[in-house]
Number of protein chains: 2
Amino acid sequence: MIEAELFTDAHAHTAGRPERDELEISAVLHALSDPVRLQIVAALHDGVERSCGSLELPVTKSTCTHHFRVLREAGVIRQRHEGTSRLNSLRRDDLEARFPGLLDTVLRAAATS
Amino acid sequence: MIEAELFTDAHAHTAGRPERDELEISAVLHALSDPVRLQIVAALHDGVERSCGSLELPVTKSTCTHHFRVLREAGVIRQRHEGTSRLNSLRRDDLEARFPGLLDTVLRAAATS
DNA sequence: TCTATAGTACGACGATCATCGTACATCTGC
DNA sequence: GCAGATGTACGATGATCGTCGTACTATAGA
């Protein structure tokens with residue numbers, strides 16, 4: 001990750017949190033292609049912010065951290081610090097602006113499995 | 001692949017060509033999450049059957065075969081033999097029945113990249 | 001201050017992935 | 001039959017992935 005050393009303030013966000021116009025369809029689809037991550041996204045679908053621990057996932061804490069990072073770096077979710085928790089929420093607006101209908105379509109598809 | 005030896009006629013299709021009701025959203029999303037495969041799917045979007053070689057892809061023949069297999073085993077495309085060629089086409093109807101709107105949404109998202 | 005609690009960082013592991021080259025199979029046209 | 005074209009099979013390689021355990025940080029509450 002040589003680029004990390006080159007980040008200016010203007011681009012320092014790109015590693016962990018891609019801007020709306022930087023979202024890549026391949027990365028988003030890859031993020032959504034894992035069952036555990038799809039479960040996370042489905043749980044956040046109602047718009048309510050949820051902590052990592054409040055979701056009952058069939059993996060350990062460290063794997064959980066990994067999946068939240070993949071979703072965050074793909075631009076699917078954002079994470080907000082509050083106390084000892086990280087509150088997660090979907091980036092609905094950004095996703096809808098960039099890839100209209102994608103999130104709803106995928107979640108509806110996942111629901112009928 | 002032990003199952004291969006156990007296939008009866010009733011299930012002999014499942015390895016290479018999942019039935020409509022066997023399509024899995026995770027497998028489909030994974031298949032679509034690769035740029036080369038997305039390019040293939042976009043090229044087949046007009047409904048025209050195309051041979052593997054008629055698509056100009058930035059990979060070798062064997063890699064091409066690999067990508068077509070991933071798409072076929074996920075249920076995204078079907079392959080038909082004709083002469084020395086394999087004609088590929090999207091499984092539009094099956095995908096639409098199982099995951100309504102998914103294909104169009106993804107392709108529209110991919111087009112705006 | 002001490003102790004939980006919530007999550008991250010890091011390293012490891014086996015599995016899967018995308019890619020390639022070479023060899024092979026199959027069909028067409030001569 | 002032979003040569004060319006189209007695609008597959010197989011093995012290899014380096015990269016990425018999903019998972020875990022352990023150690024760590026940071027906050028909240030007593």
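Being a predicted model, the structure only gives us computed values, none of them experimental. Proteins get letters first, then strands, A, B, ... in listed order; numbering begins at 1 in each.
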Peer 1: Nearest to the side chain of B:Gln79, heavy atoms from C-beta on, is which of C:dG7, D:dC20, D:dT8?
Peer 2: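 Nearest to the side-chain atoms of B:Gln79, counting from C-beta on, is D:dT8.
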Peer 1: So, is B:Thr60 near the phosphate of C:dC20, with a side-chain N or O under 4.0 Å from OP1 or OP2?
Peer 2: yes
Peer 1: Any side-chain N or O of A:His67 under 4.0 Å from OP1/OP2 of D:dC17?
Peer 2: no
Peer 1: Using atom CD of B:Glu49 as one end and atom P of D:dG7 as the other, report the distance to the nearest whole Å.
Peer 2: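 Atom-to-atom, B:Glu49 to D:dG7, this comes out as 13 Å.
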Peer 1: Atom CZ of A:Phe68 to atom C1' of D:dT19: distance rounded to whole Å?
Peer 2: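 Answer to the nearest Å: 16 Å.
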Peer 1: Can you tell me how far C1' of D:dT19 sits from CZ of A:Arg37, to the nearest Å?
Peer 2: 12 Å
Peer 1: Nearest-Å distance, CZ (B:Arg86) to C1' (C:dT26)?
Peer 2: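 The distance from CZ of B:Arg86 to C1' of C:dT26 comes to 7 Å, rounded to the nearest Å.
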Peer 1: Nearest nucleotide by nearest heavy atom, which residue falls closer to the 5' end of DNA chain D, A:Thr84 or B:Ser51?
Peer 2: B:Ser51
Peer 1: Quickly work out the A:Leu87 CG to D:dT27 C1' distance and round it to whole Å.
Peer 2: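 Value for this atom pair: 13 Å.
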Peer 1: Does a side-chain N or O from B:Ser62 land closer than 4.0 Å to OP1 or OP2 of C:dG21, or not?
Peer 2: no
Peer 1: Taking for each residue the nucleotide of DNA chain D bearing the nearest heavy atom, is the 5' side occupied by B:Lys61 or by A:His30?
Peer 2: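 Closer to the 5' end of DNA chain D: B:Lys61.
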Peer 1: Any salt bridge linking A:Arg92 with A:Asp104? Criterion: basic side-chain nitrogen under 4.0 Å from a carboxylate oxygen.
Peer 2: yes
Peer 1: In this structure, how many angstroms lie between the P atom of D:dT8 and the CZ atom of B:Arg72, rounded?
Peer 2: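 Taking CZ of B:Arg72 and P of D:dT8, I get 7 Å after rounding.
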Peer 1: Determine, step by step, whether B:Arg98 and B:Asp93 satisfy the salt bridge (charged side-chain N to carboxylate O under 4.0 Å, His left out) criterion, reporting the C-alpha distance in whole Å, the side-chain angles of both residues, the deciding distance to 0.1 Å, and the verdict.
Peer 2: CA-CA 9 Å; B:Arg98 188 81 173 84; B:Asp93 291 353; over 6 Å; no
Peer 1: Counting the atoms with a prime plus P, OP1 and OP2 as sugar-phosphate, which does A:Ser85 contact under 4.0 Å by heavy atoms, base, sugar-phosphate, or nothing?
Peer 2: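 Here A:Ser85 touches the backbone only, sparing every base.
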Peer 1: Would you mind checking if B:Arg20 and B:Glu22 are paired as a salt bridge, meaning a charged N to carboxylate O distance below 4.0 Å?
Peer 2: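 Judged by the 4.0 Å cut-off on N to carboxylate O distance, B:Glu22 and B:Arg20 do not form a salt bridge.
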Peer 1: Send over the distance from A:His81 NE2 to D:dT27 P, rounded to a whole Å.
Peer 2: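 Checked: the NE2 to P distance equals 10 Å.
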Peer 1: Any side-chain N or O of A:Thr63 under 4.0 Å from OP1/OP2 of D:dT19?
Peer 2: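 Result: no.
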Peer 1: Can you find a side-chain donor-acceptor pair between B:Arg86 and B:Gln79 that sits under 3.5 Å?
Peer 2: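 Not at all, the side chains of B:Arg86 and B:Gln79 share no donor-acceptor pair under 3.5 Å.
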Peer 1: Answer with yes or no whether the side chains of A:His67 and A:Arg72 bring together a donor and an acceptor at under 3.5 Å.
Peer 2: no
Peer 1: What is the separation between atom NE2 on A:His66 and atom P on C:dG14, rounded to the nearest whole Å?
Peer 2: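 Atom-to-atom, A:His66 to C:dG14, this comes out as 18 Å.
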